[in-house]
S.K.: 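Starting off with a structure, shown below.
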Amino acid sequence: MGILELFVIGLGLSMDAFAVAVCKGLCMRRVNWGHALVIALFFGGFQALMPLIGWALGTGFAAVIEPVDHWVAFGLLAFIGGKMLWDAFHEDDEAPSCPAEGEPLDLRELTLMAVATSIDALAVGVTFAFLGVSIWLAVAVIGVTTFALSFLGVAVGNQFGTRFERPATIAGGVVLILIGLKILLEHLGLISF
């Protein structure tokens with residue numbers, strides 16, 4: 001798996017974090033760049049840590065699952081992408097709960113949101129173990145991509161509101177499904193890149 005594919009996976013995985021960062025930006029009268037940096041660090045850090053944990057778990061089972069690894073990778077990516085699409089079309093359109101102006105970030109809440117938005121990356125890390133992906137490159141690309149998009153998400157939320165939240169989630173889900181399909185078709189010998 002090349003760096004471009006890892007970047008595209010990073011984009012897909014970071015859409016949940018981007019959407020939450022947009023909501024955080026909505027709550028700011030003016031963009032607090034310090035808060036934006038902390039939010040981006042949390043989301044980028046957890047999005048990088050989860051594939052590493054998944055990879056570590058997956059390497060323990062790689063010999064057992066290797067004959068069907070392409071089906072596992074396709075299934076996990078299709079499930080994650082499908083879940084993102086489901087969420088995009090079935091979520092409530094409620095306004096985010098905003099803290100009072102000047103109030104510090106709730107780090108406990110931020111940690112819970114970072115874990116919740118990065119669970120998908122845990123499953124992707126398992127597929128990386130089956131596919132023999134360079135985990136350190138993958139972790140770096142996914143973490144940096146999520147950091148950048150989360151930082152940008154705070155500013156976008158502050159400027160434009162939730163207009164881009166649903167399209168970003170839909171795009172992320174479609175991208176993950178297409179990458180899973182590509183992996184499956186390559187292993188079945190139906191396409192080659």
S.K.: What are the two closest heavy atoms between Leu152 and Phe18, and how far apart are they?
M.R.: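 Shortest heavy-atom contact: C-CE1, 4.5 Å.
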S.K.: Can you tell me how far OG1 of Thr59 sits from CD1 of Ile135, rounded to the nearest 0.5 angstrom?
M.R.: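 Answer rounded to 0.5 Å: 9.5 Å.
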S.K.: If Ile, Leu, Val, Met, Phe, Trp and Tyr residues are connected whenever their side-chain heavy atoms lie under 4.5 Å apart, and connections chain through other members, are Ile177 and Val174 in the same group?
M.R.: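 Yes, Ile177 connects to Val174 through the hydrophobic network.
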S.K.: Just by modelled atom types, is the Val156 backbone N or O under 3.5 Å from a matching donor or acceptor in the Gln159 side chain?
M.R.: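 Checked: no pair found.
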S.K.: Rounded to the nearest 0.5 Å, what separates atom CG in Leu112 from atom CZ in Phe42?
M.R.: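 These two atoms lie 10.5 Å from each other.
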S.K.: Give me the atom names and distance for the closest heavy-atom approach of Phe43 to Thr146.
M.R.: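 Minimum heavy-atom contact is O-CG2, 3.6 Å.
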S.K.: Quick one: CG on Leu4 to CD1 on Ile9, what's the gap to the nearest 0.5 Å?
M.R.: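 One gets 10.0 Å once the value is rounded to the nearest 0.5 Å.
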S.K.: Considering all heavy atoms of both residues, which atom of Ile39 and which atom of Lys24 are nearest to each other, and what is their separation?
M.R.: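 Taking Ile39 first and Lys24 second, the nearest heavy atoms are CD1-CB, 3.7 Å.
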S.K.: Identify which one of Leu6, Leu52, Val139 satisfies the side-chain contact (heavy atoms from CB on, under 4.5 Å) criterion when paired with Phe128.
M.R.: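 When side-chain contact (heavy atoms from CB on, under 4.5 Å) is applied between Phe128 and each of Leu6, Leu52, Val139, only Leu6 qualifies.
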S.K.: How long is the span from the CG atom in Leu85 to the NE2 atom in His90, to the nearest 0.5 Å?
M.R.: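 Rounded to the nearest 0.5 Å, the CG-NE2 separation comes to 10.5 Å.
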S.K.: What heavy-atom pair brings Trp55 and Val133 nearest, and what distance separates the two atoms?
M.R.: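 In this case the closest contact between Trp55 and Val133 is NE1-O, 4.3 Å.
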S.K.: Who pairs with Leu122 by side-chain contact (heavy atoms from CB on, under 4.5 Å), at least two apart in sequence or on another chain?
M.R.: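 Leu122 satisfies side-chain contact (heavy atoms from CB on, under 4.5 Å) with Met50, Ile53 once adjacent residues are dropped.
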S.K.: In chain order, what residues pass the side-chain contact (heavy atoms from CB on, under 4.5 Å) check against Phe151, with sequence neighbours excluded?
M.R.: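 For Phe151, the residues satisfying side-chain contact (heavy atoms from CB on, under 4.5 Å) (neighbours in sequence not counted) are Trp33, Ala36, Leu37, Ala40.
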S.K.: For residues Ala129 and Gly58, report the shortest heavy-atom separation together with the two atoms involved.
M.R.: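 Looking at all heavy atoms of both residues, the closest pair is CB-C, 3.5 Å.
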S.K.: Are Asn32 and Leu105 packed together at the side-chain level, in the sense that at least one heavy-atom pair is separated by less than 4.5 angstrom?
M.R.: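 A side-chain contact is absent here, since even the closest heavy-atom pair is not under 4.5 Å.
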S.K.: Are Leu149 and Val144 linked, directly or through other ILVMFWY residues, by side chains that come within less than 4.5 angstrom of each other?
M.R.: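 Different clusters: Leu149 never reaches Val144 through Ile, Leu, Val, Met, Phe, Trp or Tyr contacts under 4.5 Å.
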S.K.: Do you know which two heavy atoms are closest between Gln47 and Ser118, and how far apart they sit?
M.R.: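 Minimum heavy-atom contact is OE1-CA, 3.5 Å.
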S.K.: Kindly write out the residues that satisfy side-chain contact (heavy atoms from CB on, under 4.5 Å) with Phe7, not counting sequence neighbours, or none if the list is empty.
M.R.: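 Phe7 satisfies side-chain contact (heavy atoms from CB on, under 4.5 Å) with Leu11, Val141, Thr145 once adjacent residues are dropped.
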S.K.: Using 30° and 60° as the class boundaries, would you call the ring planes of Phe74 and Trp71 parallel, tilted or perpendicular?
M.R.: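 Geometry flag for Trp71 against Phe74: perpendicular rings.
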